[in-house]
Number of protein chains: 2
Amino acid sequence: MTGLRERQKAGRRRDILAAASQLFARNGFADTSVEAIAALAEVGTGTVYNYFSSKGDLLMALVALDGEQVRARGKRFIAGRHADPATALYGLLAIYIDHSLVHLTKELWRNAMATALTQADSPFGIGYFENDRLLAEQVGELVAVLQADGSLKSDIDAAQAGSALFIIVNGLFMQFVAQEKMPKTQLHARLRAQVALFVAGLSAETVLQRKRA
Amino acid sequence: MTGLRERQKAGRRRDILAAASQLFARNGFADTSVEAIAALAEVGTGTVYNYFSSKGDLLMALVALDGEQVRARGKRFIAGRHADPATALYGLLAIYIDHSLVHLTKELWRNAMATALTQADSPFGIGYFENDRLLAEQVGELVAVLQADGSLKSDIDAAQAGSALFIIVNGLFMQFVAQEKMPKTQLHARLRAQVALFVAGLSAETVLQRKRA
DNA sequence: CTCCAAAATAAAGTCAATTCACATTTCAGG
DNA sequence: CCTGAAATGTGAATTGACTTTATTTTGGAG
């Protein structure tokens, strides 16, 4: 099954990815040529295209690696103890943000998102959005846990709430990477506020009931 | 003031934009070359770059035109009568979606978003995000109106709620354009559900209070 | 050990966006 | 009317992603 050939193939794939990761990190996406990646990985430029269908695919593959890790971290977080729901939800979403910025810069994220959009139906483009879907699902799991606690209303669709919350982090994150100057602290502050707002809701009903009580 | 030079310049700009609009609509973004746009506008290819700094900028300029229109429509909507808050908010956000799809296809939106990300600091890139900001602000205005009605809690920050709601439409819209097969009806259904959820909130408080009442 | 098919390779080529050195045009001041 | 900057137009040259091809390497089956 795992003949020498397959191992070599996997090894070469790793080499190319490692070279890309290194050069993207050092010089940015735009200033890294596929030729340079090939040279660093000690393969021909054509070989790079045997493994990845475009320069953008290479970047999305790097993003995908982080995707698996972040889901694992999220899973562990969910399994822990949780106090109030807004803090718990913010905690999970903050993990996503923080993990995203360990290996990738804003410029790389901008390009990764742009590639995911323009190549939305390539394997890695699909993978990108699939990762988003899985993360939204994971947020939904935390919502369900909090519902079981009695910390959150039980009559709402946990998956849908997860989806909404994930869209919010994602949107805030996108604004964050789009503006080179925006500091991470501001992103976190916004996220915390938006989560709190979402948990509380906008409806006047609560207020009326408070008055009645 | 308006010498020949300025008039010609404005005219040429319009010609280039009109040519781009026509070709993008007919052949899509990827299959339209700058050379073809220049030819249709009857200018040299270099001239196109005197007016727009990239092919993507050209597309973002078209998006910006629609941006002004949609804000005007939104303004009129807000000035009208509103029944329940979820319907009102959904109504406004649905205008954004529907208007967005009048002139631009999914493929064009994908490329517009991708360009806005990669050229986030070019004039049109800034304009793109500025438009988003203005729309979020407009949603905030509707929230404020509904607060004045007593339809929504008055102790929340209207601007922040507007921002959250806009991020949600935007996120749903992005998922919509990323998946060529997803029908508009599904986008609307999701939006309606998410808005309802957001208005209601997740907090268990309401339920507890209901029980007490 | 031999041969085959898969995979790698280098080189040359395609293609389209973007740039640039030069040509043309406008217009202010004489 | 001229005239010469300054602004603008132009298309050929550049660039880099991606493809194609002809050739070579090599793991592994027989």
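Side chains included, hydrogens not; waters and symmetry mates left out as well; all remaining heavy atoms used. The chains referred to below are lettered A, B, ... by the order of the sequence lines, with proteins before strands, and numbering in each begins at 1.
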Should the heavy atoms of other residues, nucleotides or ligands under 6.0 Å from [atom1] of [X] be counted, would the total exceed 12?
X	atom1	result
A:Glu180	CD	yes
A:Arg192	CZ	no
B:Glu35	CD	no

### Message
A:Thr87: which residues meet the side chain to side chain donor-acceptor pair (under 3.5 Å) condition with it, sequence neighbours left out?
### Response
A:Asp84
#### Entry: By salt bridge (Lys or Arg N to Asp or Glu O under 4.0 Å) - contacts of A:Glu42 (at least two apart)
none
### Message
Among residues at least two apart in sequence or on other chains, which ones pass salt bridge (Lys or Arg N to Asp or Glu O under 4.0 Å) with B:Asp98?
### Response
B:Lys184
### Query
Is the distance from OP1 or OP2 of D:dG9 to the nearest side-chain N or O of B:Tyr51 less than 4.0 Å?
yes
Atom-pair distance ([atom1] on [X]; [atom2] on [N]), nearest Å:
X	N	atom1	atom2	value
A:Lys55	D:dT19	NZ	P	14 Å
B:Asn50	C:dT19	CG	P	11 Å
A:Phe52	D:dT19	CZ	P	15 Å

### Query
Taking DNA chain D as the partner, which of residues 28-49 of chain A come within under 4.0 angstrom of it by heavy atom?
A:Thr32, A:Ser33, A:Val34, A:Tyr49
### Query
Which of residues 12-19 of chain B have a heavy atom under 4.0 Å from DNA chain D?
B:Arg12
### Message
Over all strands shown, is B:Ser53 touching base, sugar-phosphate only, or nothing at heavy-atom distances under 4.0 angstrom?
### Response
nothing
### Message
If you take the centroid of each ring, where Trp contributes its six-membered ring, are A:Phe173 and A:Trp109 closer together than 6.0 Å?
### Response
yes
### Summary of salt bridge (Lys or Arg N to Asp or Glu O under 4.0 Å) pairs that have at least one residue in residues 118-144 of chain B, sequence neighbours excluded
B:Glu130-B:Arg133, B:Arg133-B:Glu137
